[in-house]
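First the structure, in the form of structure tokens, and then the observations on it.
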There are 2 protein chains.
Amino acid sequence: MKPRHKNVPEQALLAAVAAGHDPNNCTVVSDVLARIGDKWTVLVVMLLQNGPRRFNELKRMIGGISQRMLTLTLRGLERDGLVTRTVYPTVPPRVDYALTDLGRSLGEPVRHLGAWANANAATIMEARRIFDTDIQHLDG
Amino acid sequence: MKPRHKNVPEQALLAAVAAGHDPNNCTVVSDVLARIGDKWTVLVVMLLQNGPRRFNELKRMIGGISQRMLTLTLRGLERDGLVTRTVYPTVPPRVDYALTDLGRSLGEPVRHLGAWANANAATIMEARRIFDTDIQHLDG
DNA sequence: CGGGATCCGGACGGATACTG
DNA sequence: CAGTATCCGTCCGGATCCCG
């Protein structure tokens, strides 16, 4: 799972420094977003906060995800050390996915973002509606 | 700027409830991520934290963005009420982009995410390197 | 059950040319 | 300077088939 954001130019980083603030808070975050910003990752991470889950269990819980994307999502999380994959050589096979400490720690900032989202969702939707209605930006 | 994530199925929301935690912290956050998770939005928001900027000023600061994507990004932010667009009818024309209170407030959770990213970037990179090196997941 | 392999449409995003 | 319009490649992500 290659990051969707191929690379954020280093000039942006330098510019951020010149602008007078820590580049860590704008460039590195882009990298994280490239990781968790895809369609399903956050959903999976949040669902796993409650404990290990099996593949099809996750698939059912999410409901609209294809097995392909769930596989890719879990592989990516495993690759980054956020999730562990445990295979039980039984018949039929059983595979458990669980968060690592690192993966669990991601829940915290994500919840912060969730709080912001909840607090401002209505406002954003309203702003969006207004913007789409009176299109004064077509020149007023 | 239509959201990249068309829709996260409602079943996921219900599943999240069944799993025993507030769906707000997993589904709504997906919506926010669909908004700020694109390639440039966070970068722009963080750069604007220092005050208003002009179009080409932002373009130069970011460095690798096309005028097309900067326009789309700023339109999206304006639409959601995170950024204001001020046109000065001078010659040559001048347009200032500035964060709204809402846009400024987004900086906080983003910084949280940035902090997490900074704290764990090295760990993630290392995990990634190991995962890519010994490919024990091809059966070991 | 838990995937891998493949096909494919559509969205994302860059490059370029043109405008007021 | 600050865009708009257009073309076009890439890659995301769904559907389907197959395998151990």
Side-chain angles (χ1 to χ4, degrees), chain A residues 1-9 12 30 33-44 52-78 83-98 135 137-139, chain B residues 1-9 12 30 33-44 52-78 83-98 135 137-139:
Chain A
M1 178 182 274
K2 289 151 297 184
R4 177 167 38 82
H5 308 172
K6 306 185 181 179
N7 52 12
V8 173
S30 279
L33 284 171
R35 179 76 274 284
I36 68 171
D38 64 30
K39 195 170 178 178
W40 306 107
T41 294
V42 169
L43 219 44
V44 171
R53 298 289 178 186
R54 301 180 59 175
F55 186 87
N56 276 328
E57 194 176 2
L58 283 172
K59 188 167 181 338
R60 272 191 305 275
M61 291 173 78
I62 299 181
I65 193 173
S66 62
Q67 75 291 38
R68 171 182 148 80
M69 289 318 296
L70 182 53
T71 300
L72 290 178
T73 301
L74 289 168
R75 282 287 179 277
L77 288 171
E78 186 191 1
V83 157
T84 59
R85 178 171 179 271
T86 310
V87 182
Y88 301 94
T90 61
V91 180
R94 173 199 176 105
V95 179
D96 271 19
Y97 292 93
I135 324 183
H137 34 93
L138 284 186
D139 182 279
Chain B
M1 178 183 271
K2 291 151 297 186
R4 176 167 39 79
H5 307 174
K6 306 183 182 179
N7 51 11
V8 172
S30 279
L33 284 171
R35 177 78 274 285
I36 69 170
D38 63 29
K39 195 170 180 178
W40 305 108
T41 295
V42 168
L43 219 43
V44 170
R53 299 287 179 188
R54 302 180 57 174
F55 186 86
N56 277 330
E57 195 176 2
L58 283 171
K59 189 167 181 334
R60 271 191 306 275
M61 291 172 78
I62 299 181
I65 194 174
S66 62
Q67 75 290 39
R68 170 183 147 81
M69 288 319 295
L70 183 52
T71 299
L72 289 177
T73 300
L74 289 169
R75 282 288 179 278
L77 287 171
E78 186 191 359
V83 158
T84 59
R85 180 171 179 269
T86 311
V87 182
Y88 301 93
T90 61
V91 180
R94 172 199 177 107
V95 179
D96 271 18
Y97 291 93
I135 324 181
H137 34 96
L138 285 186
D139 182 280

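To find a chain, count down the sequence lines: A is the first, B the second, and so on, and within it residues start at 1.
- Each of A/T71 and B/P93 has a nearest nucleotide on DNA chain C; the 5'-most of these lies closest to A/T71.
- Look at CG on A/L72: it is 12 Å from P on C/dG3, rounded to the nearest Å.
- Between B/K59 and B/I65 the shortest heavy-atom distance is NZ-O, 3.4 Å.
- When all heavy atoms are compared, the tightest approach of A/V42 to A/I36 is CG2-O, 3.3 Å.
- Between B/Q67 and A/R68, the residue anchored closer to the 5' end of DNA chain C is A/R68, taking for each the nucleotide with the nearest heavy atom.
- Remark: B/P52 pairs with B/D96, B/A98 by the side-chain contact (heavy atoms from CB on, under 4.5 Å) rule, at least two apart or across chains.
- Looking at heavy-atom distances under 4.0 Å, B/Y97 makes contact with sugar-phosphate atoms alone, never a base.
- Residues in residues 62-74 of chain B take part in no salt bridge (Lys or Arg N to Asp or Glu O under 4.0 Å) pair, two or more places apart or across chains.
- Qualifying side-chain hydrogen bond (donor to acceptor under 3.5 Å, both in side chains) partners for B/N56, counting only residues two or more places apart in sequence or in other chains: none.
- Listed nucleotides C/dG13, C/dC1, D/dC1 differ in distance to B/K39; the shortest reach to its side chain belongs to C/dG13.
- For the helix from C/dC1-D/dG20 to C/dG20-D/dC1, the end axes, each set by the C1' atoms of five terminal pairs, are bent relative to each other by 40° (nearest 10°).
- When the salt bridge (Lys or Arg N to Asp or Glu O under 4.0 Å) test is applied to A/R54, no partner is found at least two apart in sequence or on another chain.
- Put simply, CZ on B/F55 is 18 Å from P on C/dG20, counting in whole angstrom units.
- Considering only side-chain N and O atoms, A/R85 lies under 4.0 angstrom from the phosphate OP1 or OP2 of C/dG3.
- Under 4.0 angstrom from either OP1 or OP2 of D/dG3 there lies no side-chain N or O belonging to B/K59.
- Contact annotation: A/R94 side-chain N/O to C/dG2 OP1/OP2 distance is not under 4.0 Å.
- Going from atom CD1 of B/I36 over to atom C1' of C/dC12 covers 18 Å, rounded to whole Å.
- Here the side chain of A/M69 is nearest to one of D/dC1, C/dG2, D/dG14, namely D/dG14.
- Of the side-chain N and O atoms in B/R75, one or more sit less than 4.0 angstrom from OP1 or OP2 of D/dT4.
- For the pair A/I65 CD1 and D/dA15 C1', the computed distance is 14 Å after rounding to whole Å.
- As a whole-Å value, the separation of A/L70 CG from D/dA15 P is 14 Å.
- Taking the side-chain hydrogen bond (donor to acceptor under 3.5 Å, both in side chains) definition, one finds that A/Q67 meets it with nothing, sequence neighbours left out.
- Between A/I62 atom CD1 and D/dG13 atom C1' the separation is 14 Å, expressed in whole Å.
- The separation between B/D38 atom CG and D/dC11 atom P is 18 Å, rounded to whole Å.
- Here C/dC1 presents its C1' atom at 10 Å from CZ of A/R60, a figure rounded to the nearest Å.
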